[in-house]
Amino acid sequence: MFTYFLKCDVEKAREVLDGNYRVVELGGAVRLVESFIAFYAGDMPLCMYKSWRMTYADVSQLGLAKAEVLVRKEGLLIRLVRPDEKLGLPELVEGSPFVIHAMDVNENGVIYRVFRIGGYVELVAKGVAGSIKEAFHPKKGVNILIVDLPLMPKFQSLFNEVIELSREHYVELHTTMISDVCPLCGGRMEKRGRLVRCPTCKIQLNRDVNAVWALARNIVRRLGREQQLAELREIFRLYYPNV
């Protein structure tokens, strides 16, 4: 549900895990220390990562209990999951095709885009739906549902839909504002009503449109799929040729 990349001593991490991949209970090798994700070797932390999403989210409401840990070339991929959530971090990283359902939830409904990545890249759907389930249509391949969902009482029904879907699909919840980040340079966009403009790249987009591109880009980068990240950038330029 929450996926992070932590740079650390790979050999020491492999010793702790007794291999390259392992599912562990939270509180052991993987711990939540306030809003930090930490990987421990006994009582010594090998590495930590500040999670802004943990800062703004009510972690107890999410019911996180386990962590998948995968050793990579320069560090660890850690994915925090609920007890009944689907496991398979290696599949997320290496699986192909790779399908991202990115959704931005706000007062206007569920604004979504679907990206196919892996051998082919295509923006295959877009629109506004009344619910998460209405917008989410699983496709052949590794499906990931990424949701920018405010954890507020009035969005509780949508939150419950996301939790339900997480039993069968990979779900990434975001609770930070990402619509103000430029999809090209990563810089801060200037707000102009419902539009945002990058002073460096000179591009201007609807905030809702920009948010879903950022959601897809973030998860691809977090999983270390650099080739797909480059492909995603190219498809963005295809749909916005004047950028």
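- Residues forming a salt bridge (Lys or Arg N to Asp or Glu O under 4.0 Å) with R194 (at least two apart in sequence, or on another chain): D208.
- Note: the hydrophobic cluster containing V69 does not contain M44 (ILVMFWY, side chain heavy atoms under 4.5 Å, direct or indirect links).
- In this model, no donor atom of one side chain and acceptor atom of the other lie less than 3.5 Å apart for S166 and K86.
- With sequence neighbours left out, the side chain to side chain donor-acceptor pair (under 3.5 Å) criterion links E68 to Y21, R79.
- When the side chain to side chain contact (heavy atoms under 4.5 Å, CB included) test is applied to A41, the partners found at least two apart in sequence or on another chain are V16, L46.
- Contacts of Y4 classified as ring-ring contact (aromatic ring centres under 6.0 Å, His included), with partners at least two apart in sequence or in another chain: Y49.
- Residues satisfying the side chain to side chain contact (heavy atoms under 4.5 Å, CB included) criterion with E190, sequence neighbours excluded, are R192, R197, P199.
- Here V128 sits in one hydrophobic cluster together with I111; the rule is ILVMFWY side chains under 4.5 Å apart, joined directly or through other members.
- Between the CG atom in L149 and the CD1 atom in I132 there is a gap of 6.5 Å [rounded to 0.5 Å].
- Taking E164 as the reference, R167 meet the salt bridge (Lys or Arg N to Asp or Glu O under 4.0 Å) condition, with sequence neighbours excluded.
- Partners of K202 according to the salt bridge (Lys or Arg N to Asp or Glu O under 4.0 Å) rule, which considers only residues two or more places apart in sequence or in another chain, do not exist here.
- There is no side-chain donor-acceptor pair under 3.5 Å between E85 and Y170.
- Legend: residues meeting side chain to side chain donor-acceptor pair (under 3.5 Å) with D9, ordered by chain and number and at least two apart, are absent.
- Applying the under-4.5 Å side-chain rule to Ile, Leu, Val, Met, Phe, Trp and Tyr, the cluster around M48 extends to V33, F36, Y40.
- Applying the salt bridge (Lys or Arg N to Asp or Glu O under 4.0 Å) rule to E34 yields no partners; only residues at least two apart in sequence or on another chain are considered.
- For D43, the side chain to side chain contact (heavy atoms under 4.5 Å, CB included) partners two or more places apart in sequence, or in a different chain, are R31.
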